[in-house]
Amino acid sequence: MIRWNADQTALRQGIGRWCEALSAGDIERDAEGVFPQDQWKLIQESGILGLPFDERWGGLGQSLLTTMYVLEELGRGCRDGGLNFSVATHMVSSGVPLQRFGSQELKQRYLPGICSGETIGAHAITETESGSDALAMRTTATREHDDFVLRGSKSFVSNGPVAGLFVVYARTHPDGGPFGITAFAVERDTPGLVIGEPVAKMGLRTSPLSELHFDDCRIPASAVIGRVGSGFLVLDHVMKWEILCSFIINTGQMRYRLDRCVEYAKERIQFGKPIGSYQSVSNKIVDMRIGLDTARKWLYDTAARLMDGENVTTDIAVSKLLASESNLASALAAVQIFGGSGYLTEYGLEKDLRDAVAGPIYSGTSEIQRNRIASMLGL
Amino acid sequence: MKHTDAVKQFIIDEFLPDVSVTELDSEYDLVHGGVIDSLGLLKTMAWLEDRFDLRADELDLDPNSFRSVDAISRFIEDAHRRRPESD
């Protein structure tokens, strides 16, 4: 069990103070499906975006575990699930690979803006024909003298419509297998980069999503993050952070939902008794608690082991599976426990459920996580 | 290279069960030959970390380090040279 120190607790309480303002109007914003610019400014002011980045770039120099601890509180306190998702996406998509693999020049150019939130980050991996099979991507980056030229399209780019910086994964070698992919830092106003309109979706509606098109988009060779051909390894590192940071936010949301369901089950009287006294209801709540505790333990334990330099390939997959599926089960149970009220938009629970459906899909589907675990078992 | 045999045995056990040790050339391109795909690479990295006590966050992510049995062996030696206390 992790014992959080006073500094970590203070950082967590610090973000807690912003959550009421961050949540205000969340249901209306969800209906509109627009990125909350005003709330993003509050996120910038809160300092949360710089948590895991070096102080010399304007970050707070905190560990992965501390970052997660604060993000978990954001998930518990901020009801705008799309905004929370955009925060995690911003942090892990661009800042994390730049800090770990970026050249000094790239760090200097981009990390201050990432830490402050002035530059919103996004990454472009998925394509229409390559989702789970990400390495089958067709977008190419062709070396031409001192430049690379990007050609192709990307889909499902979270933060795409509002991002100032994209980390783009493209094929630099036609038959290089896992070493045929390279990561690039691409600025929004780069000629040849066309950003699609926001795409409507089921949940996480305040986190905008779009396609990207690269029409002879020329970028300098200095935009390579890491080495040419190391894109898959960069992506693997990013995915570990994405899973740990995104899904710890989900555990905060699960905690919020659990507390709300317990309270409701004590107050709501049917057939002369609180509905929580019926096992059919209390058992659902107990399962919500078990799902929450299990997901938290796996996520924090995996993060601690990653920080210790251990290989967590299997653990990351288990954590992602457990957290995303537990979050979905918890969201569905909350709607059911609240009955007809849970189905109403004004209660905010149906929105949580729509948001949670995305979890077992993004960052590697549950099916892919099971494949990965099977592979690590030698199957 | 002192780790060539161990690396070769790992590659055969995991990815080429029908190939004998003598049949696998140490310079054979494992990536171009389709032996190591993305999951295979993750598995290889996991094995390197566990077997040779390498820290995942200290690994130099040069694609060429994983291309052949000899390349992987050189990679292990280089990693240990940079961290002599782990030998």
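Please read these numbers as outputs of a predicted model, since none were measured by experiment. No hydrogens, no waters, no symmetry mates; every other heavy atom, side chains included, goes into these values. Each chain gets a letter, A, B and so on, in the order the sequences are listed, and its residues count up from 1.
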With a 4.5 angstrom heavy-atom cut-off, could you sort out which part of A:V312 is near chain B: side chain, backbone, both or neither? neither
If you tally heavy-atom pairs under 4.5 Å between each of B:D29, B:L42, B:N64 and chain A, the highest tally belongs to B:L42
Evaluate side chain to side chain donor-acceptor pair (under 3.5 Å) for A:Y110 paired with A:E105, printing each intermediate quantity in order. CA-CA 9 Å; A:Y110 297 122; A:E105 181 191 339; over 6 Å; no
Is the shortest side-chain N to carboxylate O distance from B:E14 to B:K43 below 4.0 Å? yes
Would you please name every residue forming a salt bridge (Lys or Arg N to Asp or Glu O under 4.0 Å) with A:R151, sequence neighbours left out? A:E144, A:D216
Examine A:F214 together with A:F166 and report whether their ring centres are nearer than 6.0 Å. no
Which bit of A:S375 is near chain B, if near means a heavy-atom gap under 4.5 Å: side chain, backbone, both or neither? both
With chain B as the partner, which of A:G231, A:G180, A:G229, A:G226 has the greatest number of non-hydrogen pairs under 4.5 Å? A:G229
